[in-house]
Asker: 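Supplied in structure tokens, the structure appears directly below.
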Amino acid sequence: MKALNNKEVLLAHLKFALYMVLLVVLSQIAIFTFFKASKAEVAEMKLKSGDSEKIFNEQIAICDDYEEMMKIYRNYDVKTDDVNPENLSRAIVDRKLRMEDRLKELPEKDVQFHRFLLSKLDGFMRTRDSISALKKEEQRRKVDLTRCKEDYQRQRIKNHKNTINGTN
């Protein structure tokens, strides 16, 4: 028993199969383009994040240079006798020049803060030098005052003994 609409059923099945093949091909093309576009986006993101990571690492290195320069500068106050001030000044200037070179390599918008700090560094150093000089002057005056006080007390004791002994 053969159906009377066998030809129409066969055409419907072929039409359905054709639609299925077409949909599978379209979905494969969509998935392929998605992965291709995603791969390109990931490559672009890696490229941009690589630049950002490089800039970040340079900024961290510049901050480390600031910290190292401040450690060197603190040696002025801590070790006044053992350290040659000219060597310390040269080390600070070397660090500052190295930081300026690093700042030139990076984009301006990424180093504005570091440039500001570097521009204010000389004023800070002069202020710190003034404070160090005042501290040294204060220490010297304290020593002088202590010595004068001890001399006065010795003289007073000596005068008191002379008075007790009856000799002037």
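Only heavy atoms go into these numbers, but all of them, side chains included; no hydrogens, no water, no symmetry mates.
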Asker: How close do Met99 and Ile62 get, counting heavy atoms only, and between which atoms?
Answerer: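 Distance-wise, the nearest heavy atoms are SD-O, 3.8 Å.
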Asker: Could you state the interatomic distance from SG (Cys63) to CD (Glu68), rounded to the nearest 0.5 Å?
Answerer: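 One finds 13.0 Å between SG of Cys63 and CD of Glu68.
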Asker: Can you list the steps and then say if Arg102 with Asp65 is a salt bridge (charged side-chain N to carboxylate O under 4.0 Å, His left out)?
Answerer: CA-CA 10 Å; Arg102 282 187 171 163; Asp65 282 346; 3.0 Å; yes
Asker: Report the C-alpha separation of Leu11 and Glu8 in whole Å, then their side-chain angles, then the decisive distance to 0.1 Å, and conclude whether the side-chain contact (heavy atoms from CB on, under 4.5 Å) test is met.
Answerer: CA-CA 5 Å; Leu11 284 174; Glu8 293 171 1; 5.6 Å; no
Asker: Is any NZ, NE, NH1 or NH2 atom of the basic residue among Arg98 and Asp94 found under 4.0 Å from an Asp or Glu carboxylate oxygen of the other?
Answerer: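 Asp94 and Arg98: not salt-bridged.
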Asker: Shared ILVMFWY cluster between Met70 and Phe113, side chains joined below 4.5 angstrom?
Answerer: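 Cluster IDs for Met70 and Phe113 match.
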Asker: Side chains of Asn162 and Lys158, heavy atoms from C-beta outward: is any pair under 4.5 Å?
Answerer: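 A side-chain contact exists here, since the closest heavy-atom pair is under 4.5 Å.
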Asker: Tell me whether Arg115 is salt-bridged to Glu100, with the criterion being a basic N under 4.0 Å from an acidic carboxylate O.
Answerer: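 Result for this pair is no, no salt bridge flagged.
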Asker: Can you list the residues that meet the side-chain hydrogen bond (donor to acceptor under 3.5 Å, both in side chains) rule with Asn5, with sequence neighbours excluded?
Answerer: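 With neighbours one apart ignored, the set is empty.
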Asker: Mind checking the NZ-OG1 spacing from Lys149 to Thr146? Nearest 0.5 Å is all I need.
Answerer: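 Answer for the NZ-OG1 pair, Lys149 versus Thr146, is 7.5 Å.
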Asker: Of Ile157, Thr163, Asn159, Ile164, which is the lone residue that meets side-chain contact (heavy atoms from CB on, under 4.5 Å) with Lys161?
Answerer: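 The single option meeting the side-chain contact (heavy atoms from CB on, under 4.5 Å) with Lys161 is Ile157.
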Asker: Calculate, to the nearest 0.5 Å, the distance between atoms CG and CD belonging to Leu103 and Gln112 respectively.
Answerer: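 Taking CG in Leu103 and CD in Gln112, the distance rounds to 11.5 Å.
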Asker: Within the supplied structure, the quantity of interest is the number of heavy atoms (other residues, nucleotides, ligands) at a distance under 6.0 Å from Arg156 CZ; does it exceed 12?
Answerer: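 No, because the 6.0 Å sphere around CZ of Arg156 holds 12 heavy atoms or fewer from other groups.
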Asker: Indicate if Leu117 and Phe124 have the same hydrophobic cluster label, given that clusters are the connected sets of ILVMFWY residues with side-chain heavy-atom separations under 4.5 angstrom.
Answerer: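 Leu117 clusters together with Phe124.
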Asker: Name all residues meeting the side-chain hydrogen bond (donor to acceptor under 3.5 Å, both in side chains) criterion together with Arg126; count only those two or more places apart in sequence or in a different chain, and write none if there are none.
Answerer: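 Arg126 satisfies side-chain hydrogen bond (donor to acceptor under 3.5 Å, both in side chains) with no other residue.
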Asker: Answer yes or no: are there more than 12 heavy-atom neighbours, outside Glu137 itself, under 6.0 Å from its atom CD?
Answerer: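 Yes, enclosed.
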Asker: Would you give me the side-chain donor-acceptor pairs under 3.5 Å for residues 53-61, sequence neighbours excluded?
Answerer:
from	atom 1	to	atom 2	distance (Å)
Asn57	ND2	Glu53	O	3.3
Gln59	NE2	Asp110	O	2.4

Asker: With Leu22, which of Val25, Val24, Leu18, Leu26 fulfils side-chain contact (heavy atoms from CB on, under 4.5 Å)?
Answerer: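 Of Val25, Val24, Leu18, Leu26, side-chain contact (heavy atoms from CB on, under 4.5 Å) with Leu22 is met by Leu26 alone.
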Asker: Let me check something: do Ile131 and Leu134 share a hydrophobic cluster, defined by ILVMFWY side-chain heavy atoms less than 4.5 Å apart, either directly or through other members?
Answerer: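 In one cluster with Ile131: Leu134, no.
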Asker: To the closest 0.5 Å, what do you measure between NZ (Lys96) and OH (Tyr66)?
Answerer: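 Rounded to the nearest 0.5 Å, the NZ-OH separation comes to 9.0 Å.
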Asker: Any side-chain heavy atom of Leu106 within less than 4.5 Å of one from His114?
Answerer: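 A side-chain contact is absent here, since even the closest heavy-atom pair is not under 4.5 Å.
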Asker: Counting neighbours of CZ on Arg141 that are heavy atoms of other residues, nucleotides or ligands and sit closer than 6.0 Å, is the number greater than 12?
Answerer: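 Open.
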